[in-house]
Amino acid sequence: MRYLSRCLPLQVLLLLAWGPGTALAEEPSPCEELKASEDRGHEVEHRVEARPEGDLVHFTVHRTFHNPGTRYTELEALLELPREGTVHGVALEAQGQWTEGLLLESSQAERRYEALRRKGTATPRALALLSAAGAGARLLLWNLPPRSPVTVHYEVRARLAYAHGRRSFTYPLPECEQAPRPVLTVLPPSPNTDFRIETRHATPWRPELEASWEAGSSRGLDARAGLAPWGAGTLGFLQVRTKRLSEAPVRARVVFVVDASHSVGPRGISRQLALAGEYLRLLPDATAEVVVFRRSAERLFGRLIPASEWKTALAPLPAARLAPGNGSHLDEGLKLAQQVLGEGSGPVRLIAFTDGRLRRTYAPLPADSTTSAPDAAVHLRWLSSHRTGDATPHEKLSGPLVRESCGLQLPSYVSSLEPLVRPLRWEQVHLQDGQGARLKELPALQEGEGFQLWLPSPQTPLSQLVLHGQRWGCAASAPVEVDPSLSADLGRNAWATLRVEPWNSNEEELPPTKAVELLAKNGDWLSDTRSFLAVPSDAGPSTARTHALPDGVTGGVAGGVVGGTILCPLAPPRPCELPPEHQEALEQVLQSPFSACLEDGAPPSLQVRLEATGEEIVDVEVTGAASEAQASCVREATWALRLPTFCDDGSVTDYTVKPGH
């Protein structure tokens, strides 16, 4: 619970722009206001009982407030709600008397509350007004008895979340140490459940309790639609939720294509093998092989080994088998990997590693029956390199490594390899009706996430709706099921108020204003248009002994966030230009192949063109030689060289050298 008025986190800077000369007042923090308001009363107990049921969790909340003073008082507090929580029912307990709250139009509830705050001769009776306030609820308690407790009971419903095979819900914790910590009691979904309750921080300023348990079997993508009467027409409601989108393959064949070029270096090669070991821990029944590529590719083990033999198979390998060399011919590694995967049967996973510093002639491989099969995936795991810097990756790495194959490109900063084991999200998601019109689009739908969409007076039958997207870059779709139970209880799935931070809100996810009023009325939940008022039957305007809050709106912050980002266009990378001394050094290095392969009087047209990134030769082309044997000799001798470091900016640079120059 946080007492009004609310303060903003220290990480957010608000500039109040009311005009020149305006004085800015610093708003007290919730903890400061909590301490200052203790003479009026404060919360002494916060108990929560949670009951998961279906895809919802039902909270029964008991919050007790105590008035330490000698006269009746009024208390105002802001109650935090669980994310996407809606309030359904309020009751007030004071001096042994229970009073059920009524759900009224907000303006009507406020008028009645204000009328009861007037002076009168009636015996003071405690009453409560609960109204929506941003992402929470605003509680007003009138006539708190002196030196006595008052308890507010309310019911909250929220959606269960899903992540990494577990269902969960969260409950907010108070920001202030002085406020009582909620005591959370949960009825586990089933006996012997692997149940956990722990404290987590979704944001630095919002601690919360999280209860989670194993989800068990569940359908992957659940898309449902319902209809409710709305005026002379109907209101459509689409609800999409994702649980476990896929399962890990059984007895998969995995080939790791390892970059052993100089640009990666010994540490980079070791890192790739460590990542491969981590990947196999996620697929303990798989078999695996490693293809190492430099200028050419070779198999490391010569067979598909069981994942359990990974460490023992690596240990006896000679260091030369994994030594870095010239060339980053990823396509050669992929070709060999396709051949390896042709052995045996079972689902296919090809995991290629590269820092993207490839020769310009690199091209994706043609479609293949093994790597383009429905149960196959060809993934790219990018490698980080302090030497790569901001170099632009090879343009042909933006698409699939093998044409017509499904796969994911995983950035180097993503530590978990599970996204390369099974699909965890849909990309480029859109909802389409029977006429092909797109009703909703979003860039991605992660496992455990969802969205909802309101369709006022839909013209298309909801049974014709289909959700389209991509999984690992390949097309996927799911029909939208019309759910009669959703139609019968549409209000339980609606947003009561804005349950997301204002800067992350998506207005398309919120129902039309009139729909909110209709659903709040039918669903009996707290909303911007309806408030709960708990008034004992014998209550009336009472004596003037009440210690009342000032009339009108209490403190707050006016203004907005002022700021922005200036986008500066990035200049295209400039080609590396060797200074004269480096050019001379390169020519001296290449005299060795010329001397070994050419007799006196070498063809004047012979020249060697190098593609290099720093000290690594990426590609070699020899032109103008007297014969193919001569060209081959120069080419092989050049590939065997180790260059000094030239222009190591992460980009591929061309160098041309002639004999005797």
Side-chain angles (χ1 to χ4, degrees), residues 245-246 248-249 252-259 261 264 272 275-276 279 282-283 286 288-293 297 328-343 346-384 388 391-414 416-430 443-447 468-477 618 652:
L245 285 175
S246 59
R253 291 169 293 154
V254 183
V255 174
F256 301 100
V257 180
V258 170
D259 188 341
S261 61
V264 170
Q272 293 172 71
L275 288 171
Y279 187 88
L282 300 173
L283 291 175
E289 170 66 297
V290 175
V291 169
V292 180
F293 71 92
S328 294
H329 294 187
L330 173 62
D331 42 0
E332 296 297 326
L334 296 173
K335 288 177 186 177
L336 182 53
Q338 284 183 328
Q339 297 175 22
V340 174
L341 290 170
E343 305 170 5
V348 163
R349 297 290 184 270
L350 191 160
I351 316 297
F353 300 98
T354 183
D355 59 1
R357 306 170 85 173
L358 308 180
R359 57 180 176 173
R360 292 192 177 90
T361 56
Y362 164 80
L365 299 189
D368 177 85
S369 58
T370 301
T371 51
S372 301
D375 61 352
V378 180
H379 299 305
L380 174 62
R381 172 48 159 85
W382 286 96
L383 301 175
S384 60
T388 300
T392 303
H394 198 292
E395 60 180 7
K396 293 179 182 176
L397 286 178
S398 59
L401 301 181
V402 179
R403 295 185 180 93
E404 299 180 18
S405 67
C406 301
L408 178 68
Q409 293 197 10
L410 194 66
S412 60
Y413 57 79
V414 177
S416 173
L417 296 176
E418 189 178 10
L420 305 183
V421 173
R422 62 183 185 88
L424 299 181
R425 54 186 267 154
W426 281 29
E427 298 88 16
Q428 301 179 27
V429 181
H430 65 272
L445 188 60
Q446 192 80 18
E447 188 171 82
H468 295 277
Q470 291 187 350
R471 297 194 322 168
W472 281 351
C474 289
S477 63
V618 177
V652 177

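Along the sequence shown, the residues carry numbers beginning at 1.
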Which heavy atom of [X] sits nearest a heavy atom of [Y], and at what distance?
X	Y	value
Gly346	Arg253	O-NH2, 2.7 Å
Leu358	Ser328	CD2-O, 3.2 Å
Phe256	Ala288	CE1-CB, 4.0 Å
Ala297	Glu332	CB-O, 3.6 Å
Asp375	Pro347	OD2-CA, 3.6 Å
Val264	Gln272	CG1-NE2, 3.4 Å

- Task: Sequence neighbours left out, what pairs pass side chain to side chain donor-acceptor pair (under 3.5 Å) with at least one residue falling in residues 397-411?
- Result: Trp382-Gln409
- Candidate pair Leu410 and Leu417, rule side chain to side chain contact (heavy atoms under 4.5 Å, CB included), full reasoning: CA-CA 8 Å; Leu410 194 66; Leu417 296 176; 4.2 Å; yes
What's the separation between atom [atom1] in [X] and atom [atom2] in [Y], rounded to the nearest 0.5 Å?
X	Y	atom1	atom2	value
Ser372	Leu365	OG	CG	9.5 Å
Leu341	Leu334	CG	CG	10.5 Å
Gln470	Glu427	CD	CD	7.0 Å
Ile351	Leu408	CD1	CG	9.5 Å
Leu424	Glu418	CG	CD	5.0 Å
Leu401	Thr371	CG	OG1	10.0 Å

- Applying the salt bridge (Lys or Arg N to Asp or Glu O under 4.0 Å) test to Glu447, which of Arg471, Arg422, Arg425 qualifies? Arg422
- Message: Test side chain to side chain contact (heavy atoms under 4.5 Å, CB included) on Asp259 and Phe293; report intermediate values, then the result.
- Response: CA-CA 6 Å; Asp259 188 341; Phe293 71 92; 3.5 Å; yes
- Item | Donor-acceptor pair, side chain of Ser246 and main chain of Pro423, under 3.5 angstrom | yes
- Task: Mark yes or no for whether Tyr279, through its side chain, and Val254, through its backbone, hold a donor-acceptor pair below 3.5 Å.
- Result: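 The answer is no, because no donor-acceptor pair under 3.5 Å joins these two groups.
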- Task: Would you list the pairs meeting ring pair (Phe, Tyr, Trp, His ring centres under 6.0 Å) in which at least one residue belongs to residues 358-380, sequence neighbours left out?
- Result: Tyr362-His394, His379-Trp472
- Query: With sequence neighbours excluded, what pairs up with Gln339 under the side chain to side chain donor-acceptor pair (under 3.5 Å) test?
  - Reply: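 Partners of Gln339 by the side chain to side chain donor-acceptor pair (under 3.5 Å) criterion come out as none, since no residue qualifies.
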- Item | Evaluation steps, side-chain hydrogen bond (donor to acceptor under 3.5 Å, both in side chains), between Ser384 and Ser412 | CA-CA 6 Å; Ser384 60; Ser412 60; 4.6 Å; no
- Query: Are side-chain heavy atoms of Val421 and Pro249 found at a separation under 4.5 Å?
  - Reply: yes
- Message: Under 4.0 Å between a side-chain nitrogen and a carboxylate oxygen: does that hold for Asp331 and Arg359?
- Response: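 Result for this pair is yes, salt bridge flagged.
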